[in-house]
Amino acid sequence: MVGVTSAGTTVEFRPRKIRWVAGIAAGAVVVLFTVLSFGLHGSTGFDNSGQFQRGDQSAMIGLGVLIGLGILAFCRPRVRADAEGITIRNVVGGYRLPWSVVRAVRFDRNSPWAILDLQDDEQVSVHALQAADKEYAVEGVRALRILFAAATGEPGRVANSRPRPDALLETAASPSAKEEPAGSHPDAPGVRVRSPSPGD
């Protein structure tokens, strides 16, 4: 989900695939425990002294509901950002950070979600932007970097972060212009060297 104010300064993202998976799994668990509760009958021993009661069935259903709610916690992640800062809500815990304490917005190779590098060398995971969502995650990382760059003047990516091999994520590796291909000049790797023309 993406929300943008009329001023175009607020964005909000929540994971997509995990919400579908968690919702289906939670519903399946509740149904399973409900079916099991109605299957409780007979005795637990040879002396017929351990009959299941109606309360036991209710407890079984309640247990299924609790497990389902635990699974739905994976639907909790959300990230919201504006010109002032970023608010992150993960599966457990949350943060409200001004852009001034953020050093980079990253999505490294093999990382399951986006990461914020902070000025104090700490890292904060952004569970709302997950690799499983592909294009949606790309859109989210790009939007966060645009806001970060507008607030701080920084591009939102540290120089030594490694982009993911996925072409879409690699496209969003930086909001800046693409690097020029490396030239053949031995003293300046990574820089295109133009041969002088006769008219120079």
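Keep in mind that this is a model prediction, so the values were computed, not measured.
- Here the side chain of Asp133 pairs a donor or acceptor atom with the backbone of Arg16 at under 3.5 angstrom.
- Taking both residues in full, the closest heavy atoms of Val102 and Gln119 are given as O-NE2, 3.3 Å, listed atom of the first, atom of the second, then distance.
- Residues Val124 and Val91 do not share a hydrophobic cluster, clusters being chains of Ile/Leu/Val/Met/Phe/Trp/Tyr side chains in contact below 4.5 Å.
- One finds the OG1 atom of Thr152 at 10.5 Å from the CG atom of Leu147 (value rounded to the nearest 0.5 Å).
- No single ILVMFWY cluster, assembled from side-chain heavy atoms under 4.5 Å apart, contains both Ile67 and Leu72.
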Begin with the C-alpha distance, continue with both residues' side-chain angles, and end with the deciding distance and a verdict on side-chain contact (heavy atoms from CB on, under 4.5 Å) for Leu129 and Leu144. CA-CA 11 Å; Leu129 298 175; Leu144 294 185; 3.7 Å; yes
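- The two residues Ala81 and Trp99 make their nearest non-hydrogen contact at CB-CZ2, 3.8 Å.
- The minimum heavy-atom distance linking Ser111 with Trp113 is given by the pair OG-O, 2.6 Å.
- The nearest pair of heavy atoms linking Ala128 to Pro77 is N-CB, 3.8 Å.
- Here the OG1 atom belonging to Thr34 is positioned 10.5 Å from the CG atom belonging to Leu63, to the nearest 0.5 angstrom.
- Note on Leu118: it clusters hydrophobically with Tyr95, by side-chain heavy-atom contacts below 4.5 Å among ILVMFWY residues.
- Between Ser37 and Ile61 the shortest heavy-atom distance is OG-CG1, 3.4 Å.
- With hydrogens and angles ignored, the 3.5 Å screen pairs no side-chain donor or acceptor of Arg78 with any backbone N or O of Glu12.
- One hydrophobic cluster, built from ILVMFWY side chains closer than 4.5 Å, holds both Phe13 and Leu97.
- Put simply, CG on Leu116 and CD on Glu122 are 12.5 Å apart, with the number rounded to the nearest 0.5 Å.
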Contacts under 3.5 angstrom, residues 82-90 side chains, donor-acceptor by atom type, not counting sequence neighbours:
unit_1, atom_1, unit_2, atom_2, d
Asp82, OD1, Glu84, N, 2.9
Asp82, OD1, Gly85, N, 3.0
Thr87, OG1, Arg96, NH1, 2.8
Arg89, NE, Arg76, O, 2.9
Arg89, NH2, Arg76, O, 3.1
Asn90, OD1, His127, N, 3.1
Asn90, ND2, Ser125, O, 2.9

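- There is no path of hydrophobic side-chain contacts, each under 4.5 Å, that joins Ile115 to Val138.
- A heavy-atom distance below 4.5 Å is not found between the side chains of Tyr136 and Lys17.
- Taking a 4.5 Å side-chain heavy-atom cut-off between Ile, Leu, Val, Met, Phe, Trp and Tyr, the cluster of Trp20 contains only that residue.
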